[in-house]
Amino acid sequence: MKFGGTSVGRPERMHQVAKLVTQQDEPVIVVLSALSGTTNALVKIGNALAASDREAAKTEIDTLDKHYQNFIGELVTTPAAQEDARKIIAEHFEFLNIILKISFSEALSKDILAQGELLSTKLFSIYLTEKGIEHLFLPALEFMSIDANDEPHVEDIAAKLNPLLAKHTGIKLFVTQGYICKNSRGEVDNLKRGGSDYTASLVAAAIQGSVCEIWTDIDGMHNNDPRVVNKTIPIEQLSFDEAAELAYFGAKILHPTCIWPAKQTGVPVKLLNTMQPDAKGTTIRKEAGSNGVKAIAAKDDIIAINIKSSRMLLAYGFLRKIFEVFEKYKTPIDMITTSEVAVSVTIDQADHLTEIVRELEPFGTITVTKNQTIISVVGNKIAATPEVLDNLFHSLNKINISMISYGGSEHNISLLVPSQHKIETLQILNKGLFGLE
Ligand code: ASP
Ligand code: MG
């Protein structure tokens, strides 16, 4: 059971989490994120130190310290538990204050980022102890690891985690940190922002858990972006492939990397709501459940690159040369469309755009269009459902679509639109594909 930042971000929420995790029939491993806002604050502290702005870093540290002092005031009530909580906070903030005095490094910034999850889990453990709830505190740094390419491996995690669990067969409740891990150099590292979901699914895969529950503050994955359209509905069931497309193409509720360990081992993933624990939520498993369109998601800040060349006509090996340029700069391509004389691709990382364009120039005329949005229509076998295409294009007859990707998978149709038309497109499709207004 993984709980995100908002699920543990207030003392009363943490109390609620304790209730939920103790109502289980099976033994549970609880994975916690940092309290909401903490990781952002730690990023700021790291950035300030990297810029040698010690004063700004100190101000951030003190503000965060106060936040935790207030937090424990309501989290625990007995003098013993308050004392324990104060000690934990003092220990971690002392560490941050020592860091202010030593020279900054990349490795140190990872240590700073790790404080959030260490604090949330230790405070939660103190609360459980106060309530007399038997549990074991399981340090993630003892079993979560990434290789030299920053990739985790289920087998490596299983090899360390399972013996740890085997030592405590009587225990029904384990508490560990999301996000943090050790890297191949043995240093503290992390699974990148939002990585606690990834921790949860890696752990579930490593122990062959019966389910990986991701608890957030909404009742599952919705058919469209609730911030943009008026009416959205939760999706009951998704296949791993559908969920991967949705998570990647914009559904913020789940980190995209979280899907593959689950898919690899077949452990179902459930998205549930801490505020409404009885709501059905979304179940992600091997089977799609039903056919047809399930959801629309949008991904912003997309850059389209068009390469136009008459040399492509009847030539082979042209695409390889183009792709090699993107590979060289470690820039993933999201969408691709081709004609006999042109190729369009999209990317969402602009870090090496200048170099990429420079190296593509010998191949033809290059046009770069920024501020694009990928709108992804996701469902089961939608490519084989003629009404979907019919509805889609009828609904969108007024939108200027700059690329369409169809047929790459049965589960996805992606459209590229200028970002200023995103909201309108999502609203029109909500009506056209789901009949929701
Ligand atoms: N606390 C980390 C973050 O905010 C990891 C997570 O919450 O998933 O990115
Ligand atoms: Mg998250």
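Order of listing sets the numbers, starting from 1, for every ligand and every atom in it.
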> Is Gly194 in contact with ligand 1, taking contact as a heavy-atom separation below 4.0 Å?
Replying inline: yes

>> Show the atoms of ligand 1 that are less than 4.0 angstrom away from any heavy atom in Arg193.
In response: 3 (C), 4 (O), 9 (O)

> For His411, does its backbone N or O pair with a side-chain atom of Ser409 as donor and acceptor, under 3.5 Å?
Replying inline: yes

> Are Asp241 and Lys263 within salt-bridge range, i.e. N to O under 4.0 Å?
Replying inline: yes

>> Could you work out, with salt bridge (charged side-chain N to carboxylate O under 4.0 Å, His left out) as the rule, every residue matching Glu74, not counting sequence neighbours?
In response: none

>> Any salt bridge linking Glu359 with Lys328? Criterion: basic side-chain nitrogen under 4.0 Å from a carboxylate oxygen.
In response: yes

>> Looking at ligand 1, is there an atom of it that comes within less than 4.0 Å of some heavy atom belonging to His255?
In response: no

> Are any of the N/O atoms in Lys2 less than 3.5 Å from those in ligand 1?
Replying inline: no

> Is Ser196 in polar range of ligand 1, meaning some N or O pair under 3.5 Å apart?
Replying inline: yes

> Looking at ligand 1, does any of its N/O atoms fall within less than 3.5 Å of an N/O of Ser33?
Replying inline: yes

> Under 4.0 Å between a Lys/Arg side-chain N and an Asp/Glu carboxylate O for Glu55 and Lys58?
Replying inline: no

>> Check for me whether Gly178 has a heavy atom closer than 4.0 Å to any atom of ligand 1.
In response: no

> Could an N or O of ligand 1 be found under 3.5 Å from any N or O of Thr39, whether backbone or side chain?
Replying inline: yes

> Among all residues two or more places apart in sequence or in another chain, which pass the ring pair (Phe, Tyr, Trp, His ring centres under 6.0 Å) test with Tyr329?
Replying inline: His352

> Heavy atoms, side chains only, cut-off 4.5 Å: are Leu353 and Lys370 in contact?
Replying inline: yes

> Taking atom 5 (C) of ligand 1 as the point of reference, which of Phe3, Tyr179, Tyr198 owns the nearest heavy atom?
Replying inline: Tyr179

